[in-house]
There are 2 protein chains.
Amino acid sequence: MGRVTGDGTVGKALEVLDQVAAFGRPVRFSELLAKSSFPKPTLYRFVQTLTNQQMLAYDPERQTYSPGVRLVRLAHAAWEQSTLAPVARPHIDVLSKAVGETVHLAQLDHAQVLYIDKRNAGQPVEMYSQAGKVGPAYCTGVGKVMLAFLDKETADTVIEQQSFHVFTAHTLDSADVLRAELEDIRQNGYGFDREEHEPGIICVAMPILTDTGRVLGALSVTSTTARTNLAGLEAFVPILKDTAAKITRDAQNWSFPDYSTKETTGI
Amino acid sequence: MGRVTGDGTVGKALEVLDQVAAFGRPVRFSELLAKSSFPKPTLYRFVQTLTNQQMLAYDPERQTYSPGVRLVRLAHAAWEQSTLAPVARPHIDVLSKAVGETVHLAQLDHAQVLYIDKRNAGQPVEMYSQAGKVGPAYCTGVGKVMLAFLDKETADTVIEQQSFHVFTAHTLDSADVLRAELEDIRQNGYGFDREEHEPGIICVAMPILTDTGRVLGALSVTSTTARTNLAGLEAFVPILKDTAAKITRDAQNWSFPDYSTKETTGI
DNA sequence: AAACTAAGTTTCAAATAATGAAACTAGTTT
DNA sequence: AAACTAGTTTCATTATTTGAAACTTAGTTT
């Protein structure tokens with residue numbers, strides 16, 4: 001660990017913010033200190049500053065810090081402006097209704113899959129997976145199809161960063177096995193998750209590419225082995241391909257209004 | 001508008017981030033410069049740093065900046081840990097099914113309403129599209145019920161910061177009118193939005209308070225004048241009160257696991 | 001109750017990073 | 001080709017950050 005930060009004070013403060021978020025629960029100053037490479041007073045001042053700025057929230061009762069609400073506000077702007085979500089939304093709605101299964105929209109963030117939208121079709125079952133959640137790239141459908149269409153150099157960098165942690169009996173557990181799988185995906189134009197991340201959970205995934213072949217993101221339809229199988233999911237390939245094409249089209253035509261009138265919005 | 005930042009370099013950088021988000025669309029460096037109080041090279045370096053850090057995203061084609069994806073990841077952690085959303089989720093699900101109308105969960109952030117969850121009666125969960133959105137406090141149901149139960153000092157500060165922009169013929173347009181309305185709300189224990197923000201849109205709102213009366217957030221059921229009226233919405237008061245009470249209870253019992261095992265999660 | 005311990009907070013001189021006027025570069029328009 | 005605009009770099013000055021050490025609580029042990 002202890003990666004070089006660069007970007008001066010601001011970079012260091014953001015590193016602290018990431019560390020707090022990485023805990024996944026409210027965390028005490030001393031716990032943070034134990035994991036941090038910063039000396040005590042330095043870390044202390046960063047935490048104070050971030051708390052003042054509402055980037056962290058302090059619970060005086062438990063004496064713990066967690067990521068603050070200001071992030072929620074900022075992220076809404078990010079989601080609307082810097083992700084595929086607003087462009088893809090209407091198409092995902094249609095897709096979701098047509099297939100009657102859970103649909104995910106994801107992008108690549110560093111070496112991880114970042115889920116940016118989701119539709120629970122049928123029953124709103126189990127997991128509250130939400131926009132903003134991250135997952136591994138090497139063992140998810142969306143992750144693999146995005147990796148498959150990256151340029152070689154980027155792909156190598158990203159593959160190197162995969163943990164290849166074995167989640168199930170089907171998890172691809174090395175770069176070599178993964179590379180072979182990616183070659184297959186390039187041939188087909190789409191990919192599967194064969195219970196590689198969670199037992200019983202399978203999906204078909206389709207990359208969303210620009211006209212020039214650059215990876216924008218990926219779509220997937222998820223189901224369970226109890227309800228269907230890979231052949232069943234493969235039936236969704238045409239509609240997935242169609243949806244991806246529409247998102248590509250709209251993403252390229254996407255242009256932002258050049259007036260800055262405050263929205264009168266209705267929630 | 002040239003408010004003092006404090007918190008040194010980090011505070012200034014975050015001010016820049018807010019400014020970018022405030023545009024609500026991708027923005028050029030020069031546009032940002034025109035609105036910013038920082039000299040050109042200073043602003044330039046902040047924007048560079050924030051872009052390096054993925055807090056901003058740069059579109060080289062259009063030469064514009066927008067809030068970056070790193071925020072989406074961080075906000076997920078904030079949403080799960082520093083808001084009422086995870087505690088309220090199951091209760092809102094129940095409420096939403098029972099009332100068959102749109103349900104909102106909000107908190108107060110500075111002087112604004114921050115929506116942290118939403119259920120669209122018809123469709124299943126459609127997250128993040130609305131979580132993170134901010135709205136005015138003086139002319140929304142959730143805003144007013146939260147203001148009504150703040151301690152006097154905080155309330156005064158917050159009321160002072162309201163714009164009292166007139167959205168509709170029913171918008172409360174001054175601090176005095178608002179204060180009278182808040183008194184009413186304190187009497188009743190709940191409040192309405194009588195088309196104050198958008199024509200045709202009405203809601204009942206219920207505060208979520210701790211045992212000691214501190215404001216945690218607010219719930220609302222929204223509908224349209226085409227479908228119902230205030231009397232119709234008032235029928236939801238008992239179930240709203242019940243839901244709020246359950247959220248209060250769970251929020252107080254809420255305790256985080258003290259192990260930090262990485263989640264094996266299933267998306 | 002004194003001594004010990006751990007967690008959190010403050011101090012302050014030294015080290016470092018941020019600052020911004022001015023100058024420069026690369027496009028665009030007159 | 002001159003004038004203008006947007007974006008970028010330079011560098012001496014200035015201000016902020018840094019962290020070892022000391023201090024303050026609050027909790028625990030002897």
Side-chain angles (χ1 to χ4, degrees), chain A residues 1-20 23 25-68 255-256 258-260, chain B residues 2-20 22-23 25-68 255-256 258-260:
Chain A
M1 311 270 146
R3 175 166 41 103
V4 178
T5 306
D7 292 324
T9 316
V10 174
K12 292 179 202 170
L14 293 175
E15 192 181 328
V16 171
L17 190 58
D18 265 349
Q19 282 175 48
V20 174
F23 270 85
R25 61 173 173 87
V27 64
R28 288 185 71 104
F29 174 72
S30 52
E31 299 179 278
L32 211 48
L33 181 61
K35 293 243 177 186
S36 171
S37 55
F38 298 112
K40 211 204 293 199
T42 303
L43 182 68
Y44 180 72
R45 267 179 279 109
F46 278 134
V47 166
Q48 293 259 100
T49 302
L50 290 169
T51 305
N52 273 339
Q53 294 288 327
Q54 314 258 0
M55 297 296 276
L56 288 179
Y58 180 64
D59 178 343
E61 208 163 311
R62 298 175 210 271
Q63 301 191 94
T64 55
Y65 298 89
S66 25
S255 183
F256 295 89
D258 50 358
Y259 58 90
S260 57
Chain B
R3 177 165 36 107
V4 177
T5 307
D7 292 324
T9 316
V10 174
K12 293 178 200 170
L14 293 175
E15 192 182 328
V16 171
L17 190 58
D18 265 349
Q19 282 176 47
V20 175
F23 269 85
R25 62 175 171 85
V27 65
R28 290 184 70 104
F29 174 71
S30 51
E31 298 181 278
L32 211 48
L33 182 61
K35 293 244 177 185
S36 172
S37 55
F38 297 112
K40 214 206 288 201
T42 303
L43 182 67
Y44 181 71
R45 267 177 280 108
F46 278 134
V47 167
Q48 295 258 100
T49 302
L50 290 169
T51 305
N52 274 340
Q53 294 288 328
Q54 315 256 359
M55 297 297 276
L56 288 180
Y58 180 64
D59 177 344
E61 208 164 310
R62 298 176 212 270
Q63 300 190 94
T64 55
Y65 298 88
S66 25
S255 183
F256 295 89
D258 51 356
Y259 60 90
S260 58

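Proteins come first, then strands; the chains are lettered A, B, ... in the order of their sequence lines, and each starts at number 1. It should be emphasised that the depicted structure is a prediction, and the values quoted were computed from it without experimental measurement.
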Atom-to-atom span, CD of Glu31(B) to C1' of dA6(D) - whole angstrom: 12 Å
Phosphate OP1/OP2 of dG7(D): any Ser30(B) side-chain N/O under 4.0 Å: yes
Whole-Å distance separating the CZ atom of Arg45(B) from the P atom of dT16(D): 14 Å
Length of the line joining Glu15(A):CD and dT17(D):P, which is rounded to integer Å: 17 Å
Minimum-distance pair of heavy atoms, taken over all atoms of Val10(A) and Ala13(B): CG2-CB, 3.6 Å
Short side-chain N/O contact from Tyr44(A) to OP1 or OP2 of dT9(C), under 4.0 Å: yes
Value in whole Å for how far the C1' atom of dT9(C) lies from OH of Tyr58(A): 12 Å
Phe29(B) ring center within less than 6.0 Å of Tyr65(B) ring center: no
Heavy-atom pair of closest approach, residues Phe38(B) and Leu33(B): O-CD1, 3.8 Å
Rounded distance in Å - CD (Gln63(A)) to P (dA6(C)): 17 Å
Residue pair Arg25(B) / Glu31(B), side-chain heavy-atom distance below 4.5 Å: yes
Among dT19(C), dG8(C), dG7(D), the one nearest Phe29(B) by side-chain distance: dG7(D)
Sugar-phosphate, base or nothing in reach of Arg28(B), heavy atoms under 4.0 Å: sugar-phosphate
Euclidean distance, Thr49(B) OG1 relative to Arg45(B) CZ, rounded to 0.5 Å: 8.0 Å
For atom CG of Asn52(A) and atom C1' of dT9(C), their distance in whole Å: 15 Å
Atom-to-atom span, CD of Gln48(B) to C1' of dT10(D) - whole angstrom: 15 Å
Under 4.0 angstrom between Lys40(A) side-chain N/O and dA21(D) OP1 or OP2: no
Value in whole Å for how far the P atom of dT18(D) lies from CZ of Phe38(A): 8 Å
Residue closer to the 5' end of DNA chain C, Thr9(A) versus Pro41(A) (nearest nucleotide): Pro41(A)
